[in-house]
Amino acid sequence: MPKVIGLTGSTGVGKTAVASKLKTLGCEVADADLIARNILIAGAAELREGHPHWFEAGKLSSRLIADDVFTHRDSYNDLCSYLWPRTQARAREMIEASSSEYFVYDAPLLFEAGSERICDLTLLVTADDNVRKRRALARSGWTSEQYDQRQGLQLSQQEKAGRATLRLHNDGTLEELEARTEQLFKTLVPHVLESKSYGSSIGTLDDAWLFANRWWLADSLRHRVAFHTIKTAMQARGGYHSVSHLDRMTAKYREWCDATGNRALPRLATWIFAHDLVYSPGAADNETSSAREMDRLLQEMSAYRRIGKDDLIAIESTRSHEPVREEQLEDANLVASVHLLHDLDLEILGSNVKEYGEYRRAVYAEYLAASEVPSAFHALWLQGRKTFLEAMLGRHQIFKTPYFQALEPAARQNMSDELSQIVAELSR
(Lines give C-alpha, C1' and ligand atoms only; values in the text may rest on other atoms or scores of the structure.)
Protein backbone atom coordinates (compact mmCIF):
# COMPACT_ATOMS: atom_id res chain seq x y z
CA MET A 1 0.00 0.00 0.00
CA PRO A 2 1.33 3.45 -0.84
CA LYS A 3 1.71 6.26 1.64
CA VAL A 4 -1.22 8.61 1.02
CA ILE A 5 -0.69 12.38 0.94
CA GLY A 6 -3.89 14.40 1.10
CA LEU A 7 -3.27 17.57 -0.90
CA THR A 8 -5.66 20.46 -0.40
CA GLY A 9 -6.04 24.21 -0.67
CA SER A 10 -8.50 26.82 -1.84
CA THR A 11 -8.84 28.11 -5.40
CA GLY A 12 -5.92 30.28 -6.45
CA VAL A 13 -3.28 29.00 -4.01
CA GLY A 14 -1.23 27.04 -6.57
CA LYS A 15 -2.35 23.55 -5.54
CA THR A 16 -2.45 22.31 -9.15
CA ALA A 17 1.21 23.29 -9.60
CA VAL A 18 2.12 21.42 -6.42
CA ALA A 19 0.23 18.32 -7.62
CA SER A 20 2.01 18.47 -10.99
CA LYS A 21 5.40 18.73 -9.29
CA LEU A 22 4.64 15.79 -6.99
CA LYS A 23 3.71 13.77 -10.07
CA THR A 24 7.11 14.48 -11.65
CA LEU A 25 8.68 13.30 -8.39
CA GLY A 26 7.12 9.87 -8.85
CA CYS A 27 3.83 10.20 -6.98
CA GLU A 28 0.59 8.87 -8.38
CA VAL A 29 -1.94 11.72 -8.32
CA ALA A 30 -5.72 11.37 -8.20
CA ASP A 31 -7.92 14.45 -8.76
CA ALA A 32 -10.98 14.40 -6.51
CA ASP A 33 -12.77 16.91 -8.77
CA LEU A 34 -12.34 14.63 -11.78
CA ILE A 35 -13.51 11.61 -9.80
CA ALA A 36 -16.57 13.58 -8.66
CA ARG A 37 -17.33 14.71 -12.20
CA ASN A 38 -17.32 11.11 -13.44
CA ILE A 39 -19.58 10.07 -10.54
CA LEU A 40 -22.06 12.80 -11.49
CA ILE A 41 -22.14 11.67 -15.09
CA ALA A 42 -22.62 8.03 -14.08
CA GLY A 43 -25.39 8.96 -11.64
CA ALA A 44 -27.29 11.32 -13.93
CA ALA A 45 -30.43 9.21 -14.01
CA GLU A 46 -30.55 9.01 -10.22
CA LEU A 47 -29.94 12.73 -9.82
CA ARG A 48 -32.63 13.72 -12.33
CA GLU A 49 -35.37 12.54 -9.95
CA GLY A 50 -34.40 14.85 -7.11
CA HIS A 51 -32.86 17.73 -9.04
CA PRO A 52 -34.40 18.09 -12.54
CA HIS A 53 -33.36 21.76 -12.53
CA TRP A 54 -29.72 20.65 -12.85
CA PHE A 55 -30.40 19.42 -16.39
CA GLU A 56 -30.40 21.29 -19.68
CA ALA A 57 -31.36 19.69 -23.00
CA GLY A 58 -31.45 16.35 -21.21
CA LYS A 59 -27.91 16.60 -19.84
CA LEU A 60 -26.40 17.57 -16.52
CA SER A 61 -25.25 21.17 -16.63
CA SER A 62 -22.24 22.22 -14.55
CA ARG A 63 -23.40 25.82 -14.84
CA LEU A 64 -26.89 25.06 -13.49
CA ILE A 65 -25.49 22.93 -10.68
CA ALA A 66 -23.11 25.71 -9.67
CA ASP A 67 -25.84 28.35 -9.83
CA ASP A 68 -27.99 26.26 -7.51
CA VAL A 69 -25.53 24.84 -4.95
CA PHE A 70 -23.59 28.06 -4.43
CA THR A 71 -26.73 30.05 -3.70
CA HIS A 72 -28.82 27.46 -1.81
CA ARG A 73 -27.27 25.73 1.18
CA ASP A 74 -29.73 22.81 1.05
CA SER A 75 -28.76 22.05 -2.54
CA TYR A 76 -25.09 22.28 -1.62
CA ASN A 77 -25.61 19.82 1.24
CA ASP A 78 -27.52 17.44 -1.03
CA LEU A 79 -24.73 17.46 -3.58
CA CYS A 80 -22.05 16.91 -0.93
CA SER A 81 -23.92 14.06 0.73
CA TYR A 82 -24.19 12.37 -2.67
CA LEU A 83 -20.64 13.01 -3.89
CA TRP A 84 -18.37 12.85 -0.89
CA PRO A 85 -18.83 9.22 0.20
CA ARG A 86 -18.76 7.99 -3.40
CA THR A 87 -15.67 10.03 -4.26
CA GLN A 88 -13.88 8.79 -1.15
CA ALA A 89 -14.83 5.17 -1.89
CA ARG A 90 -13.44 5.49 -5.42
CA ALA A 91 -10.24 7.05 -4.06
CA ARG A 92 -9.84 4.08 -1.69
CA GLU A 93 -10.12 1.70 -4.63
CA MET A 94 -7.44 3.63 -6.53
CA ILE A 95 -5.14 3.64 -3.49
CA GLU A 96 -5.50 -0.11 -3.00
CA ALA A 97 -4.76 -0.72 -6.69
CA SER A 98 -1.75 1.60 -6.76
CA SER A 99 1.79 0.25 -7.03
CA SER A 100 3.38 3.63 -6.31
CA GLU A 101 5.27 4.43 -3.10
CA TYR A 102 3.29 7.67 -2.69
CA PHE A 103 -0.30 8.36 -3.67
CA VAL A 104 -1.46 11.99 -3.72
CA TYR A 105 -5.18 12.58 -3.24
CA ASP A 106 -5.75 16.09 -4.60
CA ALA A 107 -8.99 17.31 -2.98
CA PRO A 108 -9.94 20.98 -2.52
CA LEU A 109 -12.52 20.00 0.11
CA LEU A 110 -10.40 17.32 1.79
CA PHE A 111 -11.20 18.38 5.36
CA GLU A 112 -14.78 19.41 4.69
CA ALA A 113 -15.46 15.92 3.29
CA GLY A 114 -13.60 14.15 6.12
CA SER A 115 -11.27 12.56 3.56
CA GLU A 116 -8.18 13.16 5.72
CA ARG A 117 -9.15 9.82 7.31
CA ILE A 118 -7.80 7.94 4.30
CA CYS A 119 -4.47 9.86 4.33
CA ASP A 120 -1.20 9.23 6.14
CA LEU A 121 -0.48 12.95 6.15
CA THR A 122 -2.06 16.08 4.72
CA LEU A 123 -0.44 18.97 2.87
CA LEU A 124 -2.19 22.34 2.73
CA VAL A 125 -1.17 24.92 0.15
CA THR A 126 -2.01 28.52 1.10
CA ALA A 127 -1.59 32.01 -0.31
CA ASP A 128 -2.44 35.49 0.90
CA ASP A 129 -6.19 36.10 0.64
CA ASN A 130 -5.96 38.99 -1.80
CA VAL A 131 -3.51 37.08 -4.01
CA ARG A 132 -5.60 33.94 -4.29
CA LYS A 133 -8.77 35.93 -4.93
CA ARG A 134 -7.08 37.82 -7.75
CA ARG A 135 -5.81 34.56 -9.26
CA ALA A 136 -9.20 32.85 -8.92
CA LEU A 137 -11.14 35.68 -10.56
CA ALA A 138 -8.67 35.92 -13.44
CA ARG A 139 -8.81 32.19 -14.11
CA SER A 140 -12.51 31.44 -13.60
CA GLY A 141 -14.31 34.53 -14.73
CA TRP A 142 -16.29 34.60 -11.48
CA THR A 143 -17.53 37.84 -10.03
CA SER A 144 -16.25 38.90 -6.64
CA GLU A 145 -19.62 37.91 -5.16
CA GLN A 146 -19.45 34.43 -6.71
CA TYR A 147 -15.97 33.93 -5.31
CA ASP A 148 -17.11 34.99 -1.83
CA GLN A 149 -20.10 32.61 -2.03
CA ARG A 150 -17.82 29.67 -2.77
CA GLN A 151 -15.35 30.56 -0.05
CA GLY A 152 -18.16 30.91 2.47
CA LEU A 153 -18.98 27.23 2.03
CA GLN A 154 -15.43 26.15 2.88
CA LEU A 155 -13.28 26.18 5.98
CA SER A 156 -10.99 29.18 6.21
CA GLN A 157 -7.31 28.78 5.42
CA GLN A 158 -6.48 29.10 9.12
CA GLU A 159 -9.01 26.42 10.06
CA LYS A 160 -7.51 24.12 7.44
CA ALA A 161 -4.00 24.91 8.67
CA GLY A 162 -5.09 23.77 12.13
CA ARG A 163 -5.98 20.36 10.69
CA ALA A 164 -3.15 19.90 8.21
CA THR A 165 0.03 17.96 8.90
CA LEU A 166 2.14 20.24 6.73
CA ARG A 167 1.57 23.68 5.23
CA LEU A 168 3.21 25.23 2.19
CA HIS A 169 2.66 28.98 1.72
CA ASN A 170 2.87 30.14 -1.89
CA ASP A 171 3.99 33.75 -2.10
CA GLY A 172 6.60 33.53 -4.84
CA THR A 173 7.06 32.46 -8.44
CA LEU A 174 6.03 29.14 -9.98
CA GLU A 175 9.67 28.07 -10.05
CA GLU A 176 10.04 28.85 -6.34
CA LEU A 177 6.86 26.93 -5.53
CA GLU A 178 8.06 23.89 -7.46
CA ALA A 179 11.47 24.00 -5.76
CA ARG A 180 9.93 24.28 -2.31
CA THR A 181 7.49 21.46 -3.09
CA GLU A 182 10.41 19.20 -3.96
CA GLN A 183 12.31 20.21 -0.82
CA LEU A 184 9.29 19.56 1.39
CA PHE A 185 8.60 16.21 -0.26
CA LYS A 186 12.18 14.99 0.10
CA THR A 187 12.78 16.22 3.66
CA LEU A 188 9.67 16.78 5.73
CA VAL A 189 7.36 14.13 4.28
CA PRO A 190 9.70 11.20 5.13
CA HIS A 191 10.46 12.72 8.56
CA VAL A 192 6.79 13.03 9.46
CA LEU A 193 5.94 9.55 8.23
CA GLU A 194 8.83 8.04 10.18
CA SER A 195 8.22 9.99 13.38
CA LYS A 196 6.06 7.81 15.60
CA SER A 197 5.74 10.56 18.19
CA TYR A 198 4.41 13.21 15.83
CA GLY A 199 1.06 14.60 16.91
CA SER A 200 0.86 12.74 20.21
CA SER A 201 3.99 13.12 22.31
CA ILE A 202 7.50 14.40 21.58
CA GLY A 203 10.63 12.32 21.26
CA THR A 204 13.45 14.69 20.40
CA LEU A 205 13.98 18.43 20.15
CA ASP A 206 13.53 18.11 16.37
CA ASP A 207 10.17 16.39 16.93
CA ALA A 208 9.17 19.02 19.46
CA TRP A 209 9.84 21.83 17.01
CA LEU A 210 7.86 20.15 14.23
CA PHE A 211 5.09 19.31 16.69
CA ALA A 212 4.99 22.93 17.93
CA ASN A 213 3.77 24.02 14.51
CA ARG A 214 0.43 22.42 15.37
CA TRP A 215 -0.15 25.60 17.37
CA TRP A 216 1.64 28.29 15.36
CA LEU A 217 0.40 27.07 11.95
CA ALA A 218 3.42 28.35 10.04
CA ASP A 219 4.77 27.39 6.65
CA SER A 220 6.33 24.01 7.44
CA LEU A 221 9.56 24.46 5.48
CA ARG A 222 10.26 27.91 6.86
CA HIS A 223 9.45 26.65 10.34
CA ARG A 224 12.00 23.86 10.01
CA VAL A 225 14.68 26.06 8.41
CA ALA A 226 14.30 28.56 11.25
CA PHE A 227 14.67 25.75 13.79
CA HIS A 228 17.89 24.42 12.32
CA THR A 229 19.36 27.92 12.00
CA ILE A 230 18.63 28.66 15.66
CA LYS A 231 19.72 25.21 16.80
CA THR A 232 23.09 25.64 15.09
CA ALA A 233 23.56 29.05 16.71
CA MET A 234 22.66 27.67 20.15
CA GLN A 235 25.04 24.75 19.74
CA ALA A 236 27.83 27.21 19.01
CA ARG A 237 26.84 29.26 22.08
CA GLY A 238 28.05 26.59 24.50
CA GLY A 239 27.63 26.83 28.26
CA TYR A 240 24.53 25.69 30.10
CA HIS A 241 21.88 27.65 28.20
CA SER A 242 22.43 25.77 24.97
CA VAL A 243 20.80 23.01 22.98
CA SER A 244 21.68 20.41 25.62
CA HIS A 245 19.47 22.24 28.15
CA LEU A 246 16.57 22.26 25.70
CA ASP A 247 17.16 18.60 24.83
CA ARG A 248 16.91 17.75 28.52
CA MET A 249 13.73 19.81 28.98
CA THR A 250 12.17 18.06 25.97
CA ALA A 251 13.14 14.63 27.32
CA LYS A 252 11.72 15.46 30.75
CA TYR A 253 8.52 16.72 29.14
CA ARG A 254 8.20 13.40 27.35
CA GLU A 255 8.75 11.58 30.66
CA TRP A 256 6.06 13.73 32.28
CA CYS A 257 3.62 12.90 29.45
CA ASP A 258 4.31 9.18 29.81
CA ALA A 259 4.05 9.23 33.60
CA THR A 260 0.89 11.34 33.84
CA GLY A 261 -0.94 10.13 30.74
CA ASN A 262 -1.18 13.68 29.39
CA ARG A 263 -0.64 14.67 25.77
CA ALA A 264 2.11 17.10 24.93
CA LEU A 265 0.94 20.63 24.09
CA PRO A 266 2.38 22.19 20.91
CA ARG A 267 2.34 25.64 22.50
CA LEU A 268 4.37 24.52 25.52
CA ALA A 269 6.83 22.75 23.21
CA THR A 270 7.60 26.14 21.65
CA TRP A 271 7.90 27.85 25.04
CA ILE A 272 10.65 25.37 25.88
CA PHE A 273 12.56 26.39 22.79
CA ALA A 274 11.75 30.10 22.85
CA HIS A 275 12.49 30.95 26.48
CA ASP A 276 16.28 30.88 25.89
CA LEU A 277 16.26 31.98 22.28
CA VAL A 278 18.30 35.05 23.23
CA TYR A 279 20.70 34.66 26.15
CA SER A 280 23.43 36.84 27.60
CA PRO A 281 24.61 35.84 31.10
CA GLY A 282 23.28 38.23 33.69
CA ALA A 283 21.15 40.29 31.29
CA ALA A 284 17.79 41.42 32.67
CA ASP A 285 15.92 41.26 29.36
CA ASN A 286 16.84 37.84 27.97
CA GLU A 287 13.33 36.46 28.19
CA THR A 288 11.62 39.52 26.72
CA SER A 289 14.16 39.60 23.89
CA SER A 290 13.60 35.89 23.30
CA ALA A 291 9.83 36.38 22.99
CA ARG A 292 10.32 39.25 20.55
CA GLU A 293 12.72 37.20 18.46
CA MET A 294 10.27 34.30 18.37
CA ASP A 295 7.53 36.63 17.19
CA ARG A 296 9.78 37.98 14.45
CA LEU A 297 10.52 34.45 13.28
CA LEU A 298 6.84 33.55 13.24
CA GLN A 299 6.17 36.52 11.00
CA GLU A 300 8.90 35.36 8.61
CA MET A 301 7.37 31.88 8.65
CA SER A 302 3.93 33.18 7.55
CA ALA A 303 2.45 31.83 10.79
CA TYR A 304 -1.27 32.23 11.41
CA ARG A 305 -0.62 32.69 15.13
CA ARG A 306 1.93 35.02 16.69
CA ILE A 307 3.30 35.59 20.20
CA GLY A 308 0.46 36.93 22.31
CA LYS A 309 -0.02 38.15 25.85
CA ASP A 310 -0.17 34.65 27.36
CA ASP A 311 2.94 33.51 25.51
CA LEU A 312 4.82 36.63 26.63
CA ILE A 313 3.84 36.02 30.26
CA ALA A 314 4.91 32.37 30.03
CA ILE A 315 8.29 33.11 28.46
CA GLU A 316 9.09 36.13 30.65
CA SER A 317 8.12 34.22 33.80
CA THR A 318 11.07 31.86 33.33
CA ARG A 319 13.35 34.67 34.56
CA SER A 320 12.15 34.48 38.16
CA HIS A 321 10.00 31.32 38.05
CA GLU A 322 7.47 33.00 40.31
CA PRO A 323 3.95 31.50 40.22
CA VAL A 324 1.51 33.08 37.77
CA ARG A 325 -2.08 33.82 38.69
CA GLU A 326 -5.20 32.92 36.78
CA GLU A 327 -6.15 36.56 36.36
CA GLN A 328 -2.85 37.24 34.57
CA LEU A 329 -3.75 34.90 31.73
CA GLU A 330 -6.60 35.01 29.23
CA ASP A 331 -7.11 31.26 29.65
CA ALA A 332 -7.00 30.08 33.26
CA ASN A 333 -6.11 26.55 32.09
CA LEU A 334 -2.74 27.84 30.93
CA VAL A 335 -1.55 28.36 34.52
CA ALA A 336 -0.72 24.67 34.87
CA SER A 337 1.19 24.73 31.58
CA VAL A 338 3.26 27.76 32.62
CA HIS A 339 4.08 26.13 35.96
CA LEU A 340 5.06 22.93 34.17
CA LEU A 341 7.42 25.03 32.01
CA HIS A 342 8.99 26.41 35.20
CA ASP A 343 9.50 22.94 36.64
CA LEU A 344 11.02 21.64 33.39
CA ASP A 345 13.44 24.58 33.44
CA LEU A 346 14.42 24.00 37.10
CA GLU A 347 14.38 20.18 37.05
CA ILE A 348 18.19 20.04 36.85
CA LEU A 349 18.33 21.35 40.44
CA GLY A 350 16.91 18.04 41.65
CA SER A 351 19.17 15.82 39.55
CA ASN A 352 21.81 13.42 40.87
CA VAL A 353 25.09 14.72 42.27
CA LYS A 354 27.04 14.12 39.04
CA GLU A 355 24.52 15.91 36.81
CA TYR A 356 24.17 18.78 39.27
CA GLY A 357 27.95 19.22 39.29
CA GLU A 358 28.01 19.34 35.49
CA TYR A 359 25.25 21.95 35.57
CA ARG A 360 27.21 24.11 38.06
CA ARG A 361 30.38 23.95 35.92
CA ALA A 362 28.47 24.79 32.72
CA VAL A 363 26.85 27.86 34.28
CA TYR A 364 30.20 28.97 35.72
CA ALA A 365 31.90 28.62 32.31
CA GLU A 366 29.06 30.56 30.69
CA TYR A 367 29.47 33.53 33.01
CA LEU A 368 33.28 33.36 32.89
CA ALA A 369 33.22 33.56 29.07
CA ALA A 370 31.04 36.68 29.29
CA SER A 371 33.14 38.36 31.97
CA GLU A 372 34.96 41.53 30.98
CA VAL A 373 37.34 41.28 33.95
CA PRO A 374 38.32 37.60 34.34
CA SER A 375 40.69 38.35 37.22
CA ALA A 376 37.83 39.63 39.39
CA PHE A 377 35.24 37.19 38.06
CA HIS A 378 35.51 34.41 40.60
CA ALA A 379 34.78 36.56 43.66
CA LEU A 380 31.85 38.22 41.93
CA TRP A 381 30.58 34.84 40.82
CA LEU A 382 30.64 33.45 44.34
CA GLN A 383 28.62 36.39 45.68
CA GLY A 384 26.11 36.24 42.83
CA ARG A 385 25.71 32.48 43.05
CA LYS A 386 25.30 32.71 46.84
CA THR A 387 22.48 35.23 46.40
CA PHE A 388 20.75 32.97 43.87
CA LEU A 389 20.98 29.87 46.06
CA GLU A 390 19.76 31.67 49.15
CA ALA A 391 16.77 33.04 47.23
CA MET A 392 15.84 29.60 45.87
CA LEU A 393 16.25 27.89 49.24
CA GLY A 394 14.19 30.62 50.87
CA ARG A 395 11.17 29.72 48.76
CA HIS A 396 8.35 27.81 50.37
CA GLN A 397 8.39 25.46 47.39
CA ILE A 398 10.70 25.24 44.38
CA PHE A 399 8.56 23.01 42.18
CA LYS A 400 4.91 23.76 41.44
CA THR A 401 3.54 20.57 39.83
CA PRO A 402 2.91 17.28 41.67
CA TYR A 403 5.16 15.20 39.41
CA PHE A 404 8.24 17.38 39.93
CA GLN A 405 7.60 18.07 43.61
CA ALA A 406 9.19 14.68 44.25
CA LEU A 407 12.50 16.36 43.34
CA GLU A 408 12.15 18.97 46.09
CA PRO A 409 14.35 17.20 48.73
CA ALA A 410 17.14 16.46 46.24
CA ALA A 411 17.09 20.03 44.90
CA ARG A 412 17.35 21.51 48.38
CA GLN A 413 20.14 19.13 49.29
CA ASN A 414 22.11 19.95 46.13
CA MET A 415 21.79 23.69 46.62
CA SER A 416 22.49 23.53 50.36
CA ASP A 417 25.69 21.58 49.71
CA GLU A 418 26.79 24.09 47.07
CA LEU A 419 25.93 27.02 49.32
CA SER A 420 28.01 25.55 52.15
CA GLN A 421 30.99 25.21 49.80
CA ILE A 422 30.60 28.84 48.65
CA VAL A 423 30.30 30.18 52.20
CA ALA A 424 33.41 28.25 53.21
CA GLU A 425 35.35 29.61 50.24
CA LEU A 426 34.24 33.18 50.91
CA SER A 427 35.31 32.94 54.54
CA ARG A 428 38.90 32.01 53.71
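Residue numbers start at 1 and run along the sequence shown. Everything numeric here is computed off the predicted structure, so don't read it as measured data.
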Just by distance, no angles: are the side chains of [X] and [Y] close enough, under 3.5 Å, to form a donor-acceptor pair?
| X | Y | value |
| --- | --- | --- |
| Thr122 | Glu116 | no |
| Trp216 | Thr270 | yes |
| Ser98 | Glu28 | yes |
| Ser144 | Lys133 | yes |
| Glu287 | Thr318 | no |
| Glu159 | Ser156 | yes |
| Gln157 | Arg167 | no |
| Trp256 | Asn262 | no |

side-chain contact (heavy atoms from CB on, under 4.5 Å) between Asp106 and Leu34, intermediate numbers included: CA-CA 10 Å; Asp106 178 0; Leu34 180 59; over 6 Å; no
Shortest non-hydrogen contact between [X] and [Y], atoms and distance:
| X | Y | answer |
| --- | --- | --- |
| Thr165 | Leu121 | OG1-CA, 3.6 Å |
| Val363 | Tyr240 | CG2-CB, 3.7 Å |
| Ile398 | Ala411 | CD1-CB, 4.2 Å |
| Ser351 | Asn414 | O-ND2, 2.9 Å |
| Met94 | Ala30 | CE-CB, 3.7 Å |

Just by distance, do the side chain of [X] and the backbone of [Y] share a donor-acceptor pair under 3.5 Å?
| X | Y | result |
| --- | --- | --- |
| Asp310 | Glu330 | yes |
| Thr8 | Pro108 | yes |
| Arg150 | Gln146 | yes |
| Lys309 | Gln328 | yes |
| Arg135 | Gly12 | yes |
| Asp285 | Ser289 | no |
| Arg296 | Arg292 | no |
| His51 | Leu47 | no |
| Glu176 | Thr173 | yes |

pair Asp276-Ser290: side-chain heavy atoms closer than 4.5 Å: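 Asp276 does not reach Ser290 side chain to side chain.
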Aromatic plane relationship, Phe70 with Tyr76 - under 30° parallel, 30 to 60° tilted, over 60° perpendicular: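 It falls in the tilted class, 30° to 60°.
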CA sep, side-chain torsions, deciding dist, call: Tyr102, Phe185, ring pair (Phe, Tyr, Trp, His ring centres under 6.0 Å): CA-CA 10 Å; Tyr102 292 98; Phe185 177 70; 4.9 Å; yes
Identify every side-chain donor-acceptor pair in residues 339-349 under 3.5 Å, counting partners at least two apart or on other chains, and give the distances.
residue, atom, partner, partner atom, Å
His339, NE2, Val324, N, 3.0
His342, ND1, Lys400, NZ, 3.2
His342, NE2, Ser317, OG, 2.7
Asp343, OD1, Lys400, N, 3.0
Asp343, OD2, Lys400, N, 3.0
Asp343, OD2, Thr401, N, 2.8
Asp343, OD2, Thr401, OG1, 2.6
Asp345, OD1, His245, NE2, 2.8
Asp345, OD1, His275, NE2, 3.2
Asp345, OD2, His321, NE2, 2.8
Glu347, OE1, Arg248, NE, 2.8
Glu347, OE2, Arg248, NH2, 2.9

side-chain contact (heavy atoms from CB on, under 4.5 Å) between Arg306 and Gln299, intermediate numbers included: CA-CA 7 Å; Arg306 300 273 296 281; Gln299 182 176 11; 3.7 Å; yes
